[in-house]
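As structure tokens, the structure follows; a few thoughts come after it.
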Amino acid sequence: MQSAKEKLSDMASTAKEKLHIGGAKAQGHAEKTMARTKKEKKLAHEREKSKEAQAKADLHESKAEHAADAQVHGHHLPGHSTYPTRATGATYPPGQI
């Protein structure tokens, strides 16, 4: 359940950050179009890349926060094992169970 929440949070963050990246690209293209000299165009391109990099960094930061939340809130309920039991017929390496 917790991994599903983490995945949903990651997907929402990804969609949000892709919008930010797309906005940065659109704004960069508009600035490049408005620029008159090569120097202005180069500065517009650098600002566009900077905004894209910031959006990607924000995405990685939010994913790390989601992973940390999953570890903190990963509660183990009594009677519920995260490992399969012997009744499943699964084979285990020696010393595992």
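- In this structure, Glu48 pairs ionically with Lys32, as a charged nitrogen and a carboxylate oxygen lie closer than 4.0 Å.
- A side-chain donor-acceptor contact under 3.5 Å links Ser13 to the backbone of Ser9.
- The line from CD of Glu46 to NZ of Lys41 is 15.0 Å long, rounded to the nearest 0.5 Å.
- Between the NZ atom in Lys42 and the OG1 atom in Thr37 there is a gap of 11.5 Å [rounded to 0.5 Å].
- You'll find the side chain of Lys25 reaches within 4.5 Å of the side chain of Glu52, heavy atoms only.
- When side chains are defined from C-beta on, Gln54 does not count as touching Lys51, because their heavy atoms never get closer than 4.5 Å.
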Step-by-step side-chain contact (heavy atoms from CB on, under 4.5 Å) determination, Lys16 to Asp58: CA-CA 10 Å; Lys16 183 175 134 184; Asp58 291 343; over 6 Å; no
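- Between Arg47 and Glu31, at least one side-chain N (NZ, or NE/NH1/NH2) sits under 4.0 Å from a carboxylate O, which counts as a salt bridge.
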